[in-house]
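Each residue takes its place number in the sequence, starting with 1.
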Amino acid sequence: MNIRYLIVAVLLASCSAEQEATPDQPLDILLTGGMLYTGMDAPPVVGDIGIIDDRVVAIGSLSGRESALTLDVSGLAVMPGFVDIHSHAVRDDLNDGIFRWPDAENLIRQGVTTIVGGPDGSSPLPITDTFDALAAAPASVNFATFVGHGSIRGLVVGEDDRPATEEELNLMREQVRLAMESGAFGLSSGLIYAPGRFAQTEEVVELAKVAGEYDGIYISHMREEGLAVLDSVNETIRIGEEGGLPTQITHHKIVGAPMWGRSEDTLRLVDEALARGVDVSIDQYPYTASSTSLTILFPGWSLDGGRDALLARMEDSEQRQRLKDAIVYNIEVDRGGDDPANVGIANCPHDNTLNGLNLSEILRLQERGVSHQNAAELLMELVYAGNCSAVFHAIDEDDMRNIMRHDRTMIASDGGIEGPSERVPHPRNYGTFARVLGHFSRDERVFAPHTAIHKMSMKPADRINLYDRGRLEVGAMADVAVIDLTTVIDRSTFDAPHRYAQGVEHVFVNGRPVLLNGDMTGELPGRVLLSSDYR
């Protein structure tokens, strides 16, 4: 067992002993008769939960205990609030995401109580600016973050496709060190995105070493999730192995029909790494489509030098043709799913009338023939005009289920905080956790409810050393969700994404009710979580 876990367990036990020294002390909240899922991968037991202030202070038979709020939750599942270890809820735009919808209703109605930002190599710098903003305007959920390798590289090296100099590498090391000392829980990378994709593996290893000095983890959107996915898994493992820290393949998937079925091979690589002592893990969202910028279909060479350089290439006839050929190829074998109809616009800020339409539909509306070549032209036009985000249908259900079952896989949304708007986002924003509990666990029986809950609570919490969250234990923080496992389900779809999940009855964050009897309370008790408090 991790020595840090033992230390925290002792602290929780001492906290428990102190709080339970007065068993007649009135409780703030008492949940009676529920099926208690502790967050461990174990079946539930029937019992009561007592909360005082922000902590769980009693578990068991609490009949007769006085409480300011008593809820009979008989027949319902009581579990730790979920920890979303890959969240885009905090963006550079402080008028969007968590700052636009601080009640985070789309997450609360799934049972999520803690989000971890800074994924895919992108995070605000310095991260303390985000901490200060959230301290000034709290949300309903707790917030932790990684620091983004791509953001650091962009700050120090810029958008150019070249190795960092030794001086630049030292400056990047200092940025990682500053972020870790400020409270980041690890280093994230997005090696498929510019400027992160321009980094050599050795650069990322060196920066990962710094995060490891502070007990952080390395979490990566790999360089490739399609044709070169096996090389990318090996690179992610190598960075953790040589960097001397835990490493995680984030939103693991197999993209593009030519590679479908290869999850058997990627998971074999993970198992082989585990066997030789590498601490490698996985997270995943339960959908067969991804979502990101349209430039994901552009070749890396076209992104060298940033947006201005890309626009200049599109204005040059020879380079434009070369770029078009590469995009056509990626439509055929990668995220394009070999059909323009498989690429749907989620958010096009320069023309939101396109939101919700796929490339085939747009081409027809523009009275252009539907073909890979015309789709590539359309993509270049959209990126030139300002770029859009999109949903890409190019993942096989069997691979998704195979990855989901793996013992080292936890659940994460790769979404954020959304509310009703002109956007047509991926349904993972509203449905990830409810979909795993309802569709995959209850209906499809991919795994037992306690395994699903473990993958969404204790497993991600422990991955970043949040040993007082993601669990129902005396002394743990009172992040608690009460869910009807017979009715919980996602209602968000690709065509109608702004639909809240159903089946979550009550949610408490730091001991305060955020969702009560199915209604949002308006409470905003979320806290900024700092890694320095968990070392």
Side-chain angles (χ1 to χ4, degrees), residues 92 119-123 125 147-173 175-176 187-207 220-229 231-232 235-236 239 255-256 290 292-336 343 350 373 375-390 392:
D92 290 330
D120 297 335
S122 179
S123 66
L125 293 176
V147 64
H149 160 257
S151 297
I152 290 174
R153 190 173 220 273
L155 177 68
V156 174
V157 180
E159 300 290 321
D160 296 340
D161 183 359
R162 64 171 178 82
T165 65
E166 188 59 35
E167 180 181 2
E168 289 168 337
L169 186 57
N170 284 332
L171 290 172
M172 287 192 284
R173 287 189 181 102
Q175 285 293 323
V176 176
L187 176 72
S188 80
S189 72
L191 301 183
I192 199 170
Y193 299 118
R197 67 180 304 139
F198 303 140
Q200 298 175 341
T201 306
E202 292 76 12
E203 171 184 309
V204 186
V205 168
E206 289 303 310
L207 300 184
S220 181
H221 181 140
M222 303 183 298
R223 288 189 195 271
E224 268 288 347
E225 296 172 316
L227 296 178
V229 66
D231 291 339
S232 295
E235 181 184 38
T236 305
I239 290 168
V255 173
S290 60
T292 188
S293 164
L294 288 176
T295 53
I296 199 75
L297 291 170
F298 284 45
W301 61 262
S302 70
L303 306 176
D304 181 10
R307 178 169 172 79
D308 289 344
L310 172 60
L311 299 185
R313 291 183 181 103
M314 285 193 277
E315 292 167 355
D316 179 273
S317 59
E318 184 176 334
Q319 292 193 74
R320 185 181 183 88
Q321 184 59 51
R322 181 186 173 202
L323 176 56
K324 179 179 177 179
D325 292 342
I327 295 172
V328 167
Y329 180 76
N330 285 333
I331 291 173
E332 290 175 348
V333 304
D334 204 87
R335 283 176 202 260
V343 180
H350 66 268
Q373 289 73 22
E377 283 288 348
L378 175 59
L379 282 168
M380 288 190 288
E381 293 163 8
L382 293 174
V383 170
Y384 192 92
N387 203 4
C388 315
S389 62
F392 304 84

Under 4.5 Å between any side-chain heavy atoms of [X] and [Y], yes or no?
{"X": "Leu207", "Y": "Arg173", "result": "yes"}
{"X": "Glu225", "Y": "Arg335", "result": "yes"}
{"X": "Glu166", "Y": "Asn170", "result": "yes"}
{"X": "Gln373", "Y": "Val328", "result": "yes"}
{"X": "Asp304", "Y": "Arg162", "result": "no"}
{"X": "His221", "Y": "Thr292", "result": "no"}
{"X": "Trp301", "Y": "Asp161", "result": "no"}
{"X": "Leu169", "Y": "Glu202", "result": "no"}

So, taking the atom named [atom1] in [X] and the one named [atom2] in [Y], what distance separates them when rounded to the nearest 0.5 Å?
{"X": "Leu310", "Y": "Thr295", "atom1": "CG", "atom2": "OG1", "value": "8.0 Å"}
{"X": "Met380", "Y": "Leu294", "atom1": "CE", "atom2": "CG", "value": "12.5 Å"}
{"X": "Ile296", "Y": "Ile327", "atom1": "CD1", "atom2": "CD1", "value": "12.5 Å"}
{"X": "Ile152", "Y": "Met172", "atom1": "CD1", "atom2": "CE", "value": "8.5 Å"}
{"X": "Leu155", "Y": "Leu171", "atom1": "CG", "atom2": "CG", "value": "9.0 Å"}
{"X": "Asp120", "Y": "Leu191", "atom1": "CG", "atom2": "CG", "value": "10.0 Å"}

Subject >> Candidate pair Leu311 and Met314, rule side-chain contact (heavy atoms from CB on, under 4.5 Å), full reasoning >> reply: CA-CA 5 Å; Leu311 299 185; Met314 285 193 277; 3.6 Å; yes

Subject >> side chain to side chain donor-acceptor pair (under 3.5 Å), paired with Ser220, selected from Ser189, Ser232, Ser188 >> reply: Ser189

Original post:
In this structure, are over 12 heavy atoms from other groups packed under 6.0 Å from Glu315 atom CD?
Top reply: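 Yes, the 6.0 Å shell around CD holds more than 12 heavy atoms from other groups.
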
**OP:** Inspect the surroundings of CD in Glu167 and state if more than 12 heavy atoms from other residues, nucleotides or ligands are less than 6.0 Å away.
**Re:**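 Counting other residues, nucleotides and ligands, CD of Glu167 stays at 12 neighbours or fewer.
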
Specify the closest pair of heavy atoms between [X] and [Y], including all atoms of both residues, with the distance to one decimal.
{"X": "Ala199", "Y": "Arg153", "result": "CB-NE, 3.6 Å"}
{"X": "Asp160", "Y": "Gly305", "result": "OD1-CA, 3.6 Å"}
{"X": "Ala390", "Y": "Val343", "result": "CB-CG1, 4.1 Å"}
{"X": "Tyr329", "Y": "Leu227", "result": "OH-CD1, 3.2 Å"}
{"X": "Cys388", "Y": "His350", "result": "SG-CE1, 3.6 Å"}
{"X": "Leu323", "Y": "Pro299", "result": "CD1-CD, 3.3 Å"}

Original post:
Of the options Asp334, Leu297, Val255, which is the one that meets Phe392 in a side-chain contact (heavy atoms from CB on, under 4.5 Å)?
Top reply: Leu297

Would you say the side-chain atoms of [X] pair up with the backbone N or O of [Y], donor to acceptor, closer than 3.5 Å?
{"X": "Thr165", "Y": "Glu168", "answer": "yes"}
{"X": "Arg313", "Y": "Ser302", "answer": "yes"}
{"X": "Ser151", "Y": "Ser123", "answer": "yes"}

**OP:** In plain terms, say whether Arg307 and Glu159 are close enough for a salt bridge, that is, a side-chain N and a carboxylate O under 4.0 Å apart.
**Re:**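 Salt bridge absent between Arg307 and Glu159.
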
Original post:
Hey, is Arg197 close enough to Glu224 for a salt bridge, meaning N to O under 4.0 Å?
Top reply: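 Salt bridge between Arg197 and Glu224, a charged N being under 4.0 Å from a carboxylate O: no.
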
Subject >> side-chain contact (heavy atoms from CB on, under 4.5 Å) evaluation trace for Leu379 with Ile331 >> reply: CA-CA 11 Å; Leu379 282 168; Ile331 291 173; 4.0 Å; yes

Subject >> Step-by-step side-chain contact (heavy atoms from CB on, under 4.5 Å) determination, Glu377 to Arg320 >> reply: CA-CA 9 Å; Glu377 283 288 348; Arg320 185 181 183 88; 3.0 Å; yes

